[in-house]
Student: 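The structure is given below, and queries will be raised subsequently.
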Amino acid sequence: MQIDENLKRVYQETLEEEIPDRFRDLLAQLRRQDEQGEGEE
Amino acid sequence: MKRSDPREELVDHLPALRAFALSLTRNGATADDMVQDTLVKAWSNIDKFEPGTNLRAWLFTILRNTFYTSRRKLKREVADVDGTYTAGLSVKPAHDGRLQLNDFRRAFARLPDEQREALLLVGALGFSYEEAAETCNVAVGTIKSRANRGRTQLADLLGLKDNETLDMTDGATMAVINARHGSPR
């Protein structure tokens with residue numbers, strides 16, 4: 001269907017883009033916080 | 001027992017989350033802020049996620065709730081912004097009748113939120129109707145009808161209903177243009 005094809009094209013760019021650093025950094029930071037907060041398990 | 005930590009899978013869902021956020025907010029910066037909020041919420045509430053259930057739907061639900069909560073807070077403001085935004089948009093088929101991506105993008109942005117999200121999930125991200133229903137916390141039939149209404153409205157906005165409509169719309173557009181600029185002989 002033409003509409004679905006166009007929908008995919010519109011968002012393809014975002015879907016294929018590299019994940020911005022801010023998100024990788026954020027995840028790393030969250031992980032560090034957990035490790036410090038809880039201690040080993 | 002904690003074989004796989006669902007938190008390790010969050011990164012896999014980031015591209016789709018960003019696309020979903022973008023479709024909701026229609027603004028790249030706002031969208032990524034919302035994805036960031038979603039990540040933090042998901043991380044700190046991961047104990048509420050039932051292992052073995054659908055992580056993607058769970059994450060999308062968080063993102064969606066984040067969006068609708070923040071929008072409720074800004075209700076009046078955003079309504080105005082939306083009005084201005086949509087008023088500035090005009091959609092008509094390209095002269096050759098081919099659907100242009102920018103026209104499509106504008107038309108899609110004009111759809112009501114509920115239809116836009118249903119179409120995005122099902123049409124662009126390949127969610128099943130069941131998964132989309134779970135994400136939006138509504139019945140499967142509701143998602144189907146929102147997606148269908150969205151498709152119909154998009155087709156209307158773009159003059160795609162059928163070839164006849166397309167020709168008519170295009171003819172009408174040309175008539176207006178010709179009338180305004182004087183007949184180009």
Side-chain angles (χ1 to χ4, degrees), chain A, chain B residues 1-2 5 7-23 28-29 31-33 35-44 46 98-109 111 116 118-126 147-148 150-155 157-158 160:
Chain A
M1 184 180 211
Q2 200 178 2
I3 284 179
D4 285 6
E5 271 166 36
N6 278 283
L7 267 179
K8 287 191 186 113
R9 278 164 65 203
V10 167
Y11 289 97
Q12 197 163 30
E13 214 177 293
T14 308
L15 289 172
E16 288 173 356
E17 219 173 274
E18 273 293 300
I19 291 166
D21 286 343
R22 67 183 277 192
F23 295 122
R24 296 200 179 274
D25 294 347
L26 175 66
L27 287 171
Q29 191 195 329
L30 289 166
R31 197 171 294 128
R32 270 198 306 278
Q33 276 174 4
D34 267 20
E35 284 163 6
Q36 285 166 5
E38 281 170 16
E40 283 307 331
E41 198 179 352
Chain B
M1 264 298 140
K2 45 194 317 185
D5 184 341
R7 288 177 300 188
E8 298 304 322
E9 291 169 37
L10 293 180
V11 70
D12 301 337
H13 297 286
L14 272 173
L17 279 170
R18 292 182 73 217
F20 187 40
L22 190 58
S23 79
D32 275 350
D33 286 349
V35 171
Q36 172 150 349
D37 283 357
T38 303
L39 276 184
V40 173
K41 283 182 196 166
W43 189 279
S44 45
I46 201 73
R98 282 210 33 182
L99 182 53
Q100 301 296 311
L101 204 54
N102 273 337
D103 293 341
F104 182 85
R105 201 175 271 136
R106 286 199 196 94
F108 185 58
L111 293 186
R116 213 168 59 244
L119 266 186
L120 193 274
L121 295 174
V122 173
L125 298 180
N148 286 338
R151 284 196 177 100
T152 307
Q153 199 165 333
L154 266 180
L157 282 168
L158 294 160
L160 283 178

Student: Please determine which of B:Leu158, B:Asn148, B:Leu111 meets the side chain to side chain contact (heavy atoms under 4.5 Å, CB included) test together with B:Gln153.
Tutor: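 With B:Gln153 as partner, side chain to side chain contact (heavy atoms under 4.5 Å, CB included) holds for just one option, B:Leu111.
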
Student: Given a strict heavy-atom distance threshold of 4.5 Å, which part of A:Leu26 is in contact with chain B: side chain, backbone, both, or neither?
Tutor: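 Just its side chain gets close to chain B.
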
Student: Among B:Leu120, B:Leu17, B:Leu10, B:Val122, which residue forms the greatest number of heavy-atom pairs with chain A at distances under 4.5 Å?
Tutor: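 So the answer, after comparing B:Leu120, B:Leu17, B:Leu10, B:Val122, is B:Leu120.
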
Student: Would you mind checking if A:Asp21 and A:Arg24 are paired as a salt bridge, meaning a charged N to carboxylate O distance below 4.0 Å?
Tutor: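 A:Asp21 and A:Arg24: not salt-bridged.
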
Student: Please look at A:Glu16 and chain B and tell me whether the side chain, the backbone, both or neither of the residue comes under 4.5 angstrom of a heavy atom of that chain.
Tutor: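 Nothing of A:Glu16, per the 4.5 Å heavy-atom cut-off to chain B.
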
Student: Hey, could you give me the CG/CD distance between A:Leu27 and B:Gln36, rounded to the nearest 0.5 Å?
Tutor: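 Rounded to the nearest 0.5 Å, the CG-CD separation comes out at 9.5 Å.
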
Student: B:Ala21 and B:Val35: which non-hydrogen atoms are nearest, and at how many Å?
Tutor: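 That closest heavy-atom pairing would be CB-CG2, 3.7 Å.
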
Student: A:Ile19, A:Thr14, A:Val10, A:Leu30: which one forms the most heavy-atom pairs within less than 4.5 Å of chain B?
Tutor: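 Max contact count across the listed options: A:Leu30.
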
Student: What part of B:Asp32 gets closer than 4.5 Å to chain A, counting heavy atoms only: side chain, backbone, both or neither?
Tutor: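 Both backbone and side chain of B:Asp32 come within 4.5 Å of chain A.
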
Student: In terms of heavy-atom proximity below 4.5 Å to chain B, should A:Arg22 be classed as side chain, backbone, both, or neither?
Tutor: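 The side chain, not the backbone.
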
Student: List for me each residue that meets side-chain contact (heavy atoms from CB on, under 4.5 Å) alongside B:Asp12, sequence neighbours excluded, and say none if there are none.
Tutor: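 Partners of B:Asp12 by the side-chain contact (heavy atoms from CB on, under 4.5 Å) criterion, ordered by chain and then number, come out as B:Glu9.
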
Student: At a heavy-atom separation under 4.5 Å, does B:Ser23 approach chain A through its side chain, its backbone, both, or neither?
Tutor: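 Answer is both: backbone and side chain atoms of B:Ser23 are under 4.5 Å from chain A.
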
Student: Should B:Val40 and B:Trp43 count as side-chain neighbours, where that means a heavy-atom distance under 4.5 Å?
Tutor: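 Not touching, per the 4.5 Å side-chain cut-off.
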
Student: Where does B:Leu39 contact chain A at under 4.5 Å (heavy atoms): side chain, backbone, both or neither?
Tutor: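 The answer is both parts of B:Leu39.
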
